[in-house]
Amino acid sequence: MTDSPVVTRFAPSPTGYLHVGGARTALFSWLLARHHGGRFLLRIEDTDLARSTEQATTQLLEDLRWLGLDHDNAKVIHQSRRLDVYNRIIDELMSRGMAYRAYETPEQLDALRAEAERKKQSFTYRKGALPEAEQRRLDSEGCPHVVRFAMPVREYRFDDAVLGKSIVMPADEAQDFVIRKTDGMPTYHFAVVVDDAEMEISHILRGQEHTKNTFYHVALQEALGYARPVYGHLPIILNVDGSKMGKRDRDKKVRHGAHLWLKQGKHTPSDLAAASGLESDRVAAWLDDVQRQLDLPEQAAVMGVIGMSEGDLPEVLVHDFQKNGYLPEVLLNFLALLGWSPGEDRERMSVEEMVRLFSIDGIGKSNARFGRDKLLAFNTEAVAAADAQRLLRGFRDYLAVNPDSPLNQASDSQLSQLLEMKKGFRLFREVDESARFLFIPDDRIAWSAEAIDKVLRKSGGQGLAALRQMRHTLAALGEWTVPNIESAIQSYCESSGLGLGKVAQPLRVAISGGTISPPIFQSLAFLTQASALTRIDRCLRVAAPVSL
RNA sequence: GGCCCCGUCGUCUAGAGGCCUAGGACACGGCCCUUUCAAGGCCGCGACACGGGUUCGACUCCCGUCGGGGUCACCA
């Protein structure tokens with residue numbers, strides 16, 4: 001047992017929203033630190049100038065905040081602001097002859113790689129390709145160059161805490177990798193090693209795609225005299241079908257929906273562009289090329305036009321889960337289970353329990369598929385067990401990222417009332433969507449043709465007849481309360497010999513426009529009597545224009 | 001393709017040689033409840049990738065085959 005403090009970190013590159021893979025890596029690192037009473041630090045790896053954005057950083061922080069994965073460094077570290085540190089160390093390495101300038105252009109390197117491939121050899125870059133004199137000449141001319149680390153050619157190995165074994169790289173795979181790019185920025189390999197050492201990181205949990213990089217990092221650590229942290233490489237999270245998970249899946253789904261919309265409505269790509277307020281060329285190119293992706297606002301615009309909603313898309317970003325109405329602690333619980341188990345049959349855990357039970361030993365070695373069914377079930381349970389305050393807070397978090405919902409006008413007590421009415425719901429989105437009709441003006445209710453047909457006109461207009469009767473009964477009601485409404489409707493059912501379903505459904509359609517709503521008595525009571533009657537009258541006009 | 005990692009129900013997993021006629025969860029199927037959507041109750045279906053070893057004994061150890069994934073950047 002060592003008593004040196006456990007310090008972990010999450011070090012995302014700000015190139016987009018946080019996705020579930022990243023969230024799980026963050027979670028495991030966070031759990032490890034919290035379990036040992038250590039520290040969890042956050043660092044932004046923004047050394048790729050072209051791809052990093054300020055907005056992504058903001059969103060990343062917001063996603064982590066929503067998840068509740070708090071970091072212990074008040075000041076988040078940005079690598080792009082530490083160039084002087086990296087350059088100082090790189091200069092030092094060069095003066096020690098452990099790093100050198102290299103002048104090949106990307107094209108030249110491509111050619112070398114292609115040649116190696118043709119000879120069925122693997123390409124490894126090693127110093128010495130250039131005669132000493134030539135190297136000096138180029139150095140003195142100040143041509144564009146990268147700096148490479150002269151990686152000592154020998155076997156490297158490290159112990160992987162997740163796999164529970166040591167991983168070896170043979171000497172012939174050692175190569176002089178780039179540590180400073182032509183633009184003067186350090187590469188990931190270099191910045192990561194320097195920063196992890198300076199931040200005194202003790203444990204690094206990261207995705208399996210980094211396994212091979214670890215040998216480079218170990219070599220650098222040895223050259224710089226840094227301590228080696230414990231490494232653990234996490235298995236990958238895949239789609240349900242076994243393919244690699246990515247944001248692309250959502251784009252794919254939207255494109256598919258767009259093509260359907262074009263075909264069914266006999267629209268052209270420029271119609272779509274015009275309707276969604278985008279450039280026609282861009283939309284057309286996107287439709288034809290599966291490699292292209294729309295950015296988020298564009299995606300939303302297109303979805304609006306073709307009638308797709310957030311719930312139709314597979315969630316891959318943490319933000320998507322918030323937007324669809326999951327509780328963050330549920331996402332965390334589910335993500336933790338994807339690749340980690342506390343043993344025995346333990347599954348539903350609060351964040352505190354996960355902290356208590358977490359250990360690297362419990363992390364699995366095989367890739368996991370991300371199935372949303374179980375997550376949904378977890379959320380349903382959690383939401384049923386949560387107290388009113390938690391639900392209200394969760395609902396507000398949901399509404400904050402769904403600014404278009406009319407429920408944003410609702411008061412806290414109204415929201416709590418809806419949550420109570422919809423007991424048994426799975427996602428906040430369901431509560432929202434099924435209750436929106438309660439918050440829009442009477443003259444904005446749009447009746448679904450299908451609902452009117454099925455519930456009101458079918459069976460010789462039985463539904464319409466019931467609705468007309470109920471209109472009178474409800475109009476005659478004194479006090480507009482749930483018990484009064486209920487007893488009025490119940491007694492009508494008895495006297496008419498109709499089942500409650502035959503009466504409730506027409507009413508539901510009349511006041512909501514569709515066939516899904518919170519329980520009917522409470523929905524009616526939520527509206528005013530006048531409003532309910534207005535809606536019924538309008539519905540009757542819409543459904544039976546001839547007979548009126 | 002080279003190198004590396006992995007392989008238990010459809011999915012996530014428990015399992016560290018006899019506790020296993022392989023446990024749990026979700027999904028699925030059936031029945032019940034029900035004013036819609038949900039929720040709930042009861043019952044059920046369902047896996048150790050394959051082939052060789054080692055052992056008195058293998059889901060557990062070894063080898064091979066097959067399958068999946070990762071990686072081969074001046075991206076992280």
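Convention: sequence-line order gives letters A, B, ...; per-chain numbering from 1.
- Between R113(A) and the phosphate of C74(B), there is a side-chain N or O to OP1/OP2 separation shorter than 4.0 Å.
- Taking atom C1' on both nucleotides, U60(B) is separated from A14(B) by 13 Å, rounded to a whole Å.
- Counting atom types as modelled, K374(A) pairs no side-chain N or O with a base atom of A27(B) as donor and acceptor under 3.5 Å.
- Between I452(A) atom CD1 and U36(B) atom P there is a gap of 20 Å when expressed in whole angstrom units.
- Considering only side-chain N and O atoms, S122(A) lies nowhere under 4.0 angstrom from the phosphate OP1 or OP2 of C3(B).
- Both the sub-6.0 Å distance and the 45° axial angle are not jointly satisfied by R356(A) relative to the ring of F358(A).
- Summarising the geometry, the separation between CD on E117(A) and P on C3(B) is reported as 15 Å, rounded to the nearest angstrom.
- Of the possible polar contacts, none joining the E173(A) side chain to the P170(A) backbone as a donor-acceptor pair under 3.5 Å is found.
- Checking the phosphate oxygens (OP1, OP2) of C74(B), a side-chain nitrogen or oxygen of R148(A) falls inside 4.0 Å.
- The same atom, C1', is picked in U8(B) and in A47(B); the two are 6 Å apart, to the nearest Å.
- No contact: D160(A) has no heavy atom under 4.0 Å from any strand.
- Rounded to an integer number of Å, the gap from Y17(A) OH to A76(B) C1' is 20 Å.
- Counting any heavy atom pair closer than 4.0 Å across all strands shown, K502(A) reaches no nucleic acid atom.
- Between the C1' atoms of C62(B) and C72(B), the separation comes to 30 Å (whole Å).
- Using a 4.0 Å heavy-atom cutoff across all strands shown, P518(A) reaches at least one base atom of the nucleic acid.
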H189(A) vs V193(A), side chain to side chain contact (heavy atoms under 4.5 Å, CB included): CA-CA, chis, key distance, verdict: CA-CA 6 Å; H189(A) 299 301; V193(A) 166; 5.9 Å; no

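- Judged purely by distance below 3.5 Å, without hydrogens or angles, the side chains of D48(A) and Y188(A) never pair a donor atom with an acceptor atom.
- Checked against a 6.0 Å centroid threshold, the rings of F526(A) and F439(A) count as neighbours.
- Nucleotide A25(B) forms a pair with U11(B), judged by Watson-Crick or G-U wobble geometry with both contacts under 3.5 Å.
- Side-chain proximity of A368(A) to the nucleotides C6(B), U13(B), C75(B) is greatest for U13(B).
- Phosphate proximity of C75(B) to K181(A): present, with a side-chain N or O under 4.0 Å from OP1 or OP2.
- Comparing H189(A) and Q208(A) by the nucleotide of RNA chain B that holds the closest heavy atom to each, the one mapping nearer the 5' end is Q208(A).
- Look at the P atom in both C26(B) and G67(B): the space between them is 34 Å, to the nearest Å.
- Counting any heavy atom pair closer than 4.0 Å across all strands shown, L337(A) reaches sugar-phosphate atoms only and no base atom.
- Here C72(B) sits opposite G1(B) as a Watson-Crick or G-U wobble pair (both hydrogen-bonding atom distances under 3.5 Å).
- Within the 4.0 Å cut-off from OP1 or OP2 of C3(B), not a single side-chain nitrogen or oxygen of K212(A) is found.
- Here E173(A) lies in heavy-atom contact (under 4.0 Å) with sugar-phosphate atoms only.
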Stepwise side chain to side chain contact (heavy atoms under 4.5 Å, CB included) test for V194(A) and R82(A): CA-CA 10 Å; V194(A) 170; R82(A) 289 170 45 76; 4.2 Å; yes

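- I520(A) places its CD1 atom 11 Å from the P atom of U36(B), with the value rounded to the nearest Å.
- Straight-line distance from the CG atom of L60(A) to the C1' atom of A76(B): 13 Å, rounded to whole Å.
- A donor N or O paired with an acceptor N or O is found under 3.5 Å between the base of G24(B) and the side-chain atoms of E347(A).
- Comparing the same atom, C1', in C6(B) and in A49(B) gives a spacing of 13 Å after rounding to whole Å.
- Of the candidates A76(B), C74(B), C26(B), the closest approach to any side-chain atom of V178(A) belongs to C74(B).
- Atom P of U65(B) sits at a distance of 38 Å from the matching atom of C45(B), rounded to the whole Å.
- Between F177(A) and F190(A), a ring centre-to-centre spacing not shorter than 6.0 Å is recorded.
- Contact annotation for F378(A): backbone-only contact, meaning every heavy-atom pair under 4.0 Å involves sugar-phosphate atoms and none involves a base.
- Between the CG atom of L335(A) and the P atom of U11(B) there is a distance of 19 Å, given to the nearest Å.
- Across all strands shown, the partner of G40(B) is C32(B), judged by Watson-Crick or G-U wobble contacts whose two distances both fall under 3.5 Å.
- A close approach under 4.0 Å does not occur between any side-chain nitrogen or oxygen of K365(A) and OP1 or OP2 of U13(B).
- Counting distance only, with no hydrogens placed and no angle test, the side-chain atoms of S366(A) and the base atoms of C6(B) include no donor-acceptor pair under 3.5 Å.
- Taking atom P in both G44(B) and G24(B), one finds a spacing of 11 Å when rounded to whole Å.
- If R369(A) and P170(A) are placed on RNA chain B by their nearest nucleotide, the residue sitting closer to the 5' end is P170(A).
- In this structure, I237(A) places its CD1 atom 19 Å from P of C6(B), rounding to the nearest Å.
- Taking each heavy atom of F437(A) and S434(A) in turn, the nearest pair found is CE2-O, 3.1 Å.
- Comparing the P positions of C66(B) and C28(B) gives a spacing of 37 Å, expressed to the nearest Å.
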